Amino acid sequence: MTTNIGKAHGKIILMGEHAVVYGEPSIALPFPAVEMIASVSAYEGPVRLDCSYYHGIADDMPEILQSLKKAIELALESLKQPYENLAINIESAIPPERGMGSSAAVAVAVTRAIYNYFNADLDHGRLMHMVNISEKIAHGNPSGLDALTTSSLSPVYYRKGADIIPFSLKMDAYLVVGDTGVTGQTKEAVQSIADRIEKEAQPISREKIALLGKLANHAKGFLERNEAKELGEAMNQAHLLLAELGVSNKELDNLVSAAREAGALGAKLTGGGRGGCMIALANNQSETEKIRLALLNAGAVTTWMTSLNQEEGL
Ligand code: MEV
């Protein structure tokens with residue numbers, strides 16, 4: 001059936017951000033609470049782009065706009081269609097530059113919408129290939145995790161170059177997501193770690209990255225065995241390592257502390273860092289509410305929550 005719509009959603013990296021760029025494992029979840037919808041319709045003239053973004057797009061985020069244009073070009077080229085006669089509308093509820101995968105999601109949604117408009121099949125490998133090319137503009141050196149998770153219906157255990165392992169979540173716990181309201185540039189954060197590594201005489205940062213990979217592997221076991229307390233501790237350790245790698249900031253540290261003080265089993269930044277969002281692990285719904293309020297009191301601009309039990313609606 002022909003449709004002119006393409007969708008993608010936000011993502012939450014539970015463990016392994018940044019380390020995944022260096023080949024370490026990571027765990028990420030689709031976050032359908034925030035969605036990206038692209039729609040395509042006939043129009044005469046060069047491609048017209050209308051973006052109704054969470055907070056504007058073109059002026060404040062030229063790189064995202066450029067990577068979006070690249071995604072459109074790639075999709076049209078691969079379908080042997082000219083860059084014209086289409087009006088493309090983007091509606092996004094994903095806050096941009098907050099570690100929620102907005103740039104990958106827009107590329108996924110627009111590629112799907114264009115393929116749907118032309119009634120063409122889009123296999124997953126091709127989608128990932130095209131989205132990752134456009135992600136290079138937004139991110140510089142993407143691991144592929146954002147493209148994968150914003151298009152995936154299930155949580156993923158992902159390591160660059162290895163088979164993707166989808167898995168279901170059965171942990172009796174919840175994640176609270178808190179947005180600092182401060183934008184964080186993933187491209188710059190990724191580059192800052194690369195610069196750090198290059199300058200070091202001893203492989204200090206590389207060791208931290210390897211530890212983050214180990215923690216991601218441990219976390220997979222904790223999730224499988226429903227060991228929430230242990231997962232929370234692993235999240236705390238991961239936040240410390242990410243902070244030592246220079247990708248946290250005072251707003252993130254502040255929300256992470258507030259969540260822990262309010263009883264979170266663990267808390268850490270999520271995504272590229274240097275702004276954006278953090279996540280906290282809660283035992284049950286009433287703890288979740290306490291943490292959410294503590295985050296809002298500590299300055300979070302928005303909070304969301306999601307269950308780590310798939311049956312409950314991930
Ligand atoms: C950004 O959402 C996640 C990073 O690990 C970068 C990447 O994987 O491409 C920081």
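Remember, it's 1-based here, ligands and their atoms both numbered in the order they're listed. Just so you know, these numbers use all the heavy atoms, side chains as well, and skip hydrogens, waters and symmetry mates. Positions are given from 1, in the same order as the sequence printed here. Not measured: the values here are computed from a predicted model.
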Provide the number and element of each atom of ligand 1 under 4.0 Å from a heavy atom of [X].
X      : answer
Pro142 : 9 (O)
Glu17  : 5 (O)
Val20  : 5 (O), 8 (O)
Ile13  : 2 (O), 3 (C)
Thr186 : 1 (C)

(message) Restricting to salt bridge (Lys or Arg N to Asp or Glu O under 4.0 Å), what partner residues turn up for Arg225, sequence neighbours left out?
(response)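 Arg225 satisfies salt bridge (Lys or Arg N to Asp or Glu O under 4.0 Å) with Glu227 once adjacent residues are dropped.
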(request) May I ask you to identify the nearest protein heavy atom to atom 4 (C) of ligand 1, giving residue, atom name and distance to one decimal place in Å? (result)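 Here the nearest protein heavy atom works out to His18 N, 3.9 Å.
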(message) Looking only at protein heavy atoms, which one is nearest to atom 8 (O) of ligand 1, and what is the separation?
(response)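 The closest heavy atom on the protein side is Ser143 OG, 2.5 Å.
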(message) If we check side chain to side chain contact (heavy atoms under 4.5 Å, CB included) with Ser39, which of these qualifies: Ile90, Ile5, Val110?
(response)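 Going through Ile90, Ile5, Val110 one by one, the side chain to side chain contact (heavy atoms under 4.5 Å, CB included) with Ser39 is satisfied by Ile5 alone.
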(request) Quick one: list whatever passes side-chain hydrogen bond (donor to acceptor under 3.5 Å, both in side chains) with Asn217, sequence neighbours left out. (result)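 Only Tyr157 meet the side-chain hydrogen bond (donor to acceptor under 3.5 Å, both in side chains) criterion with Asn217.
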(message) Is the contact between Lys11 and ligand 1 made by the side chain, the backbone, both, or neither, using heavy atoms and a 4.0 Å cut-off?
(response)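 Within the 4.0 Å criterion, Lys11 contacts ligand 1 through side-chain atoms alone.
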(request) Examine distances only and state if a side-chain atom of Asn254 and a backbone atom of Lys250 form a donor-acceptor pair shorter than 3.5 Å. (result)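 No, because the side chain of Asn254 does not come within donor-acceptor range (under 3.5 Å) of the backbone of Lys250.
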